[in-house]
Amino acid sequence: MQDILKSNFIKEIGDTAANMYRLGWNERNGGNISYMLTKEEVEPYCDINKTIRKLPLDIAFPELAGKYFLVTGTGKYFKNISIDPEKNLGLIRISDDGTFSHLLWGYSDGGTYTSEIHMHLGAHMQRLKTDPNQRVVIHAHPTNVVSMTHIFPWDEREFTRTLWQMCTECIVIFPEGVAVLPWMVSSNAKIGMASAEKFSDFRILVWALHGCTATGDSLDEAFGLLETVEKGAEIYMNIVGKGERHGIDDEMLKGVVEAFNIKVRDGWL
Ligand code: 2HA
Ligand code: ZN
């Protein structure tokens with residue numbers, strides 16, 4: 001058996017978490033990551049037939065039966081993931097009926113997965129229906145996105161259009177827009193399922209007054225999506241209330257869409 005601490009996936013998730021912590025998006029134990037792995041990736045590093053513990057789920061995910069995920073632990077700090085991966089991460093396989101998880105490695109202090117596990121698994125389930133390469137869900141508390149939800153209507157079309165108007169890259173990186181859910185109590189199956197519904201045709205979701213979750217086929221892709229939404233929100237928060245603004249108007253946005261041959265969500269431009 002090879003040393004899992006030397007695997008690419010442990011290094012990648014630790015590096016991503018450390019970056020996010022440094023950006024100030026994951027104060028204390030804020031935020032969580034899940035990274036879907038294949039059996040072939042996992043097998044060299046751990047005995048996939050040995051269940052350390054069974055971890056419960058509040059709802060069943062039969063669509064994800066048998067799938068492997070590396071998931072950050074509940075109450076764990078992003079800044080510590082690369083320092084002590086075995087305590088702060090868990091490697092799980094969803095049971096054959098989708099009703100619980102087998103812990104195969106990690107959570108070495110007796111811990112369990114993030115309290116947002118239902119949102120993560122719901123997001124994977126939905127994204128996999130439209131993108132078979134989907135592997136990553138990242139949840140964070142980017143300061144400017146959260147700030148913007150304090151002063152801006154929780155309307156996903158208007159929220160998206162305003163971000164598109166902030167800098168040229170936004171419409172290029174998220175032409176299908178940003179989903180928005182009104183404030184809800186988090187860390188439960190209810191918000192998990194409401195989020196999953198949004199992920200049926202969005203890759204990024206804002207939770208008003210809380211944070212933001214991005215999905216992608218790699219950690220870089222999901223992280224880059226979060227970064228771009230946060231950049232748009234940062235510019236908005238910098239300029240709001242400071243007098244007349246230019247904004248990238250619809251004609252200019254159409255020029256970008258044409259130049260980059262982008263498919264924008266119908267009726268949003
Ligand atoms: O893990 O971010 O939404 C803490 C959270 C809950
Ligand atoms: Zn959160």
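Everything numeric in this text was worked out from a predicted model, so none of it was measured. Counting starts at 1 for both ligands and their atoms, in listed order.
- In terms of heavy-atom proximity, Ser186 sits nearest to Trp207 at CB-CZ3, 3.9 Å.
- Ring geometry, His210 versus His139: the interplanar angle falls from 30° to 60°, so the pair is classed tilted.
- Of all atoms in ligand 1, listed by their number and element, those nearer than 4.0 Å to a heavy atom of His139 are 2 (O), 3 (O).
- Residue-ligand proximity, Glu116 to ligand 1, at heavy-atom distances under 4.0 Å covers atoms 3 (O), 6 (C).
- Separation of the Phe152 and Tyr236 ring centroids falls under the 6.0 Å cut-off.
- Between Trp268 and Trp164, the two ring planes are tilted [angle within 30° to 60°].
- Looking from atom 4 (C) of ligand 1 to the surrounding protein, the closest heavy atom is Asn29 O, 3.4 Å.
- Considering both main-chain and side-chain atoms, His141 comes within under 3.5 Å of ligand 1 through a nitrogen or oxygen pair.
- Close contacts between ligand 1 and Gly31 involve ligand atoms 1 (O), 2 (O), 4 (C), 5 (C) [criterion: under 4.0 Å to a heavy atom].
- Taking every heavy atom of His210 and a limit of under 4.0 angstrom, the matching atoms of ligand 1 come to 3 (O).
- Close approach of ligand 1 to Asn32 (heavy-atom distance below 4.0 Å) involves ligand atoms 1 (O), 2 (O), 4 (C), 5 (C).
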Query raised in the report: How far apart are the C-alpha atoms of Asp96 and Arg93, what are their side-chain angles, what is the distance that settles it, and do they pass the salt bridge (Lys or Arg N to Asp or Glu O under 4.0 Å) test?
Result: CA-CA 9 Å; Asp96 292 343; Arg93 184 180 65 246; 5.3 Å; no

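- Around the NE2 atom of His150, the shell of radius 6.0 Å holds more than 12 heavy atoms that belong to other residues, nucleotides or ligands.
- Expressed to the nearest 10°, the angle at the Zn ion (ligand 2) joining NE2 in His139 with NE2 in His210 is 100°.
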